[in-house]
J.: 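Handing you this structure, nothing more for now.
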Amino acid sequence: MTSARLKYLSLGVLVFQTTSLVLTMRYSRTLQSDGPRYLASSAVVVAELLKILTCVGLVCKEHSYSVRALSSILRQEILHKPIETLKLAIPSGIYTLQNNLLYVALSNLDAATYQVTYQLKILTTALFSVSMLGRRLGLYQWLSLLILMAGVALVQWPTDSPGTPEKEQPAGGSPFVGLVAVLVACCSSGFAGVYFEKILKETKQSVWVRNIQLGMFGLVFGLFGMLLYDGERVREHGMFQGYNSITWAVVSLQALGGLVIAAVIKYADNILKGFATSLSIILSTLISYFWLQDFEPTSIFFLGAVLVIVATFLYGYESKPGSNPSRA
């Protein structure tokens, strides 16, 4: 396959993964059903398990499907290097928190508002890159961060006037809770992504092995969180209560999404990633309005969304700093 075709394939995969995950997660959290709703903490645990199994399969493929070679690699890199493995406990714990927060956010915010607001992770990642990696940002990048903040502020700007009837809250949700969840997720995403990038730059190990190590800690943290917050409901109705085809689609997209992005990232430059983000925001807005019908667009929202899209392109314009390796 030619380089140009791989670029456009990367674009399609990035747009599909980003958009479908947000929309299916939002739909699954607002879908009315007779029985109990699935537990977000359970979905996070299952996604971690799927990631580990997928990464083990990819490492096995790298070594010509040799089980002996796979076993040797895992022993050497995980058991025989405990300090290196323990370093990944920090980003893993933060990623587990972030994954749970995304469920909270999409239980309280429509997909379009979430998509635009979550782009603040560009700001947090840039700031952590400067402080932790000593990276220098150019004029266009600093300008793009200011535009990004302005755009997100406009998207979150209250639109109800005293004379208009109060908007109906999202199904059982609070926009304020959703906003706080997104903001904390943006901070955790920025820190964990840069920390993980720093670890990858200091070692030459396969990104799939690193993701297995992350997944192992994520599985432990996820199980602990599930038992701590939802232990009673798990004992009463089981870990897989409320699961249906939509739930499994969400879990699969969350589990495989980071792996897909990690696989295509070498073909996607900053401009292409900005284009994918922009398409995803537009698609999420249209589908939220026409299909989910939980979103009423306003002129202020569109202005904010345009500013965020412009900022996304502008951030990758002047130079191409090393991309954050995707955590699967």
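Positions are given from 1, in the same order as the sequence printed here. Computed from heavy atoms alone, side chains included, the values below leave out hydrogens, waters and symmetry copies.
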J.: Ignoring hydrogens and geometry, is there a side-chain-to-backbone donor-acceptor pair from Ser72 to Arg68 under 3.5 Å?
T.: no

J.: State plainly whether one hydrophobic cluster holds both Val306 and Leu286, where clusters connect Ile, Leu, Val, Met, Phe, Trp and Tyr through side-chain heavy atoms under 4.5 angstrom apart.
T.: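 Val306 does not cluster with Leu286.
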
J.: Going by heavy atoms in the side chains, are Asn100 and Val104 under 4.5 Å from each other?
T.: no

J.: Working to the nearest 0.5 angstrom, can you tell me the gap between Ile212 CD1 and Glu77 CD?
T.: 10.5 Å

J.: Group every Ile, Leu, Val, Met, Phe, Trp and Tyr by side-chain heavy-atom contacts under 4.5 Å, then state whether Val310 and Leu123 land in the same group.
T.: no

J.: Can you tell if the side chain of Phe16 reaches within under 4.5 Å of the side chain of Leu253, non-hydrogen atoms only?
T.: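 Yes, at least one pair of side-chain atoms sits under 4.5 Å.
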
J.: For a quick check under 3.5 Å, do Ser174 and Asn108 share a side-chain donor-acceptor pair by atom type?
T.: no

J.: Determine whether the side chains of Gln115 and Ser280 contain a donor N or O and an acceptor N or O closer than 3.5 Å.
T.: yes

J.: Find out whether Val46 and Trp248 are in side-chain contact, i.e. whether some heavy atom of one side chain is under 4.5 Å from a heavy atom of the other.
T.: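 Touching, per the 4.5 Å side-chain cut-off.
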
J.: Please confirm whether the backbone N or O of His63 pairs with a side-chain atom of Ser66, one donor and one acceptor, at under 3.5 Å?
T.: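 Judged by distance alone, no pair lies under 3.5 Å.
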
J.: Calculate, to the nearest 0.5 Å, the distance between atoms CD and CD belonging to Gln17 and Gln254 respectively.
T.: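 Going from CD on Gln17 over to CD on Gln254, the span is 9.5 Å.
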
J.: Does Gly138 offer a backbone N or O that forms a donor-acceptor pair with the side chain of Gln141 under 3.5 Å?
T.: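 Judged by distance alone, yes, a pair lies under 3.5 Å.
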
J.: Of all the heavy-atom pairs spanning Ala105 and Val182, show the shortest one and how long it is.
T.: CB-CG2, 3.5 Å

J.: Spell out, yes or no, whether Met226 and Val220 are grouped together once hydrophobic residues are joined by side-chain heavy atoms under 4.5 Å, including indirect joins.
T.: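 Hydrophobic grouping puts Met226 apart from Val220.
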
J.: Please confirm whether Phe221 and Phe224 have ring centers closer than 6.0 angstrom.
T.: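 No - the distance between ring centres of Phe221 and Phe224 does not fall below the 6.0 Å cut-off.
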
J.: What verdict does the side-chain contact (heavy atoms from CB on, under 4.5 Å) test give for Met216 and Ile78, after you've listed the backbone C-alpha separation in whole Å, the side-chain angles of each residue and the deciding distance to 0.1 Å?
T.: CA-CA 10 Å; Met216 288 168 52; Ile78 297 176; 3.9 Å; yes

J.: With a 4.5 Å cut-off on side-chain heavy-atom distances among I, L, V, M, F, W and Y, is there a chain of contacts connecting Val155 to Met149?
T.: yes

J.: Keeping Ser131 on the side-chain end and Phe128 on the backbone end, is there a donor-acceptor pair under 3.5 Å?
T.: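 The answer is yes, because a donor-acceptor pair under 3.5 Å joins these two groups.
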
J.: Look up atom CG in Leu179 and atom CZ in Phe176, then write down how far apart they are to the nearest 0.5 Å.
T.: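 Between atom CG of Leu179 and atom CZ of Phe176 there are 7.0 Å.
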
J.: When rounded to the nearest 0.5 angstrom, what is the spacing between CG in Leu137 and CZ in Arg135?
T.: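 Rounded to the nearest 0.5 Å, the CG-CZ separation comes to 8.0 Å.
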
J.: Dump the intermediate steps for side-chain contact (heavy atoms from CB on, under 4.5 Å) on Met239 and Val45, then the final yes or no.
T.: CA-CA 10 Å; Met239 179 177 169; Val45 170; 3.6 Å; yes

J.: According to a 4.5 Å side-chain heavy-atom criterion applied to Ile, Leu, Val, Met, Phe, Trp and Tyr, with indirect links allowed, do Leu49 and Val44 form part of one hydrophobic cluster?
T.: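 Result: yes, single cluster for both.
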
J.: So do the side chains of Phe191 and Pro91 get within less than 4.5 Å of each other, counting heavy atoms only?
T.: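 The answer is no; the side chains never approach within 4.5 Å.
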
J.: Using every non-hydrogen atom in the two residues, find where Ala255 and Leu50 come nearest and quote the distance to one decimal.
T.: CB-CB, 3.6 Å

J.: Look only at the side chain of Gln241 and the backbone of Gly238, and say whether a donor-acceptor pair between them is shorter than 3.5 Å.
T.: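 Yes.
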
J.: Donor-acceptor check, side chain of Thr19 to backbone of Ser284, threshold 3.5 angstrom: yes or no?
T.: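 Such a contact is absent between Thr19 side chain and Ser284 backbone.
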
J.: Quick one: is the NZ or CZ of Arg26 closer than 6.0 Å to the six-membered ring centre of Tyr103, and within 45° of its axis?
T.: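 That pair does not qualify as a cation-pi contact.
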
J.: Take Lys87 and Glu84, measure what salt bridge (charged side-chain N to carboxylate O under 4.0 Å, His left out) needs, and give me the verdict at the end.
T.: CA-CA 5 Å; Lys87 285 181 181 179; Glu84 293 297 317; 3.3 Å; yes

J.: If you measure from OH on Tyr27 to CH2 on Trp291, what distance do you get to the nearest 0.5 Å?
T.: 6.0 Å

J.: Side chains of Tyr95 and Ser188: any donor to acceptor distance under 3.5 Å?
T.: no

J.: What pair of heavy atoms forms the shortest contact from Leu109 to Pro175, and how long is it?
T.: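 In terms of heavy atoms, the two residues are closest at CD2-O, 3.7 Å.
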
J.: Looking only at side-chain N and O atoms, does Thr113 offer a donor or acceptor that is under 3.5 Å from a partner on Asp110?
T.: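 Distance-only check passes for Asp110 and Thr113.
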
J.: Quick one: does Leu86's side chain get under 4.5 Å of Phe217's, heavy atoms only?
T.: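 Touching, per the 4.5 Å side-chain cut-off.
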
J.: Apply the test side-chain contact (heavy atoms from CB on, under 4.5 Å) to residues Leu74 and Leu79: give CA-CA distance (whole Å), side-chain angles for both, the deciding distance (0.1 Å), then the verdict.
T.: CA-CA 7 Å; Leu74 295 182; Leu79 297 179; over 6 Å; no

J.: Look up atom CG in Leu70 and atom CD in Glu62, then write down how far apart they are to the nearest 0.5 Å.
T.: 10.5 Å

J.: Name the orientation class of the two ring planes belonging to Tyr118 and Tyr114 (parallel below 30°, tilted from 30 to 60°, perpendicular beyond 60°).
T.: parallel

J.: Are any of the side-chain heavy atoms of Leu120 and Cys187 separated by less than 4.5 Å?
T.: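 Of all side-chain heavy-atom pairs linking Cys187 with Leu120, none is under 4.5 Å.
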
J.: Given the rule in the side-chain contact (heavy atoms from CB on, under 4.5 Å) test, do Leu31 and Asn244 qualify, once you have shown the distances and angles that lead to the verdict?
T.: CA-CA 11 Å; Leu31 184 65; Asn244 54 31; 4.3 Å; yes

J.: Do NZ/NE/NH1/NH2 and the carboxylate oxygens of Glu236 and Arg233 come within less than 4.0 Å?
T.: no

J.: Which heavy atom of Val152 sits nearest to which heavy atom of Val116, and what is that distance?
T.: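 What the structure gives for the nearest pair is CG2-O, 3.9 Å.
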
J.: Identify the two heavy atoms, one from Ser144 and one from Ala311, that lie closest to each other, and give their separation to 0.1 Å.
T.: O-CB, 3.2 Å

J.: Arg75 and Ser71: side-chain donor and acceptor closer than 3.5 Å?
T.: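 Ser71 and Arg75 do have a side-chain donor-acceptor pair below 3.5 Å.
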
J.: Test your reading of the model: is there a side-chain donor-acceptor pair from Arg37 to the backbone of Arg29, 3.5 Å cut-off?
T.: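 Yes, the answer is positive, given that a donor and an acceptor are paired below the 3.5 Å cut-off.
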
J.: A side-chain contact here means heavy atoms from C-beta on lying under 4.5 Å apart; do Thr285 and Tyr289 qualify?
T.: no

J.: Under a 4.5 Å cut-off applied to non-hydrogen side-chain atoms, are Leu148 and Leu307 in contact?
T.: no

J.: Please assess Asp230 against Ser41 for the test side chain to side chain donor-acceptor pair (under 3.5 Å), listing each intermediate value before the final yes or no.
T.: CA-CA 8 Å; Asp230 296 315; Ser41 57; 2.6 Å; yes

J.: List the atom of Ile94, the atom of Ala192, and the distance in Å for their closest heavy-atom pair.
T.: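 Nearest pair, atom of Ile94 first, then Ala192: CG2-CB, 3.9 Å.
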
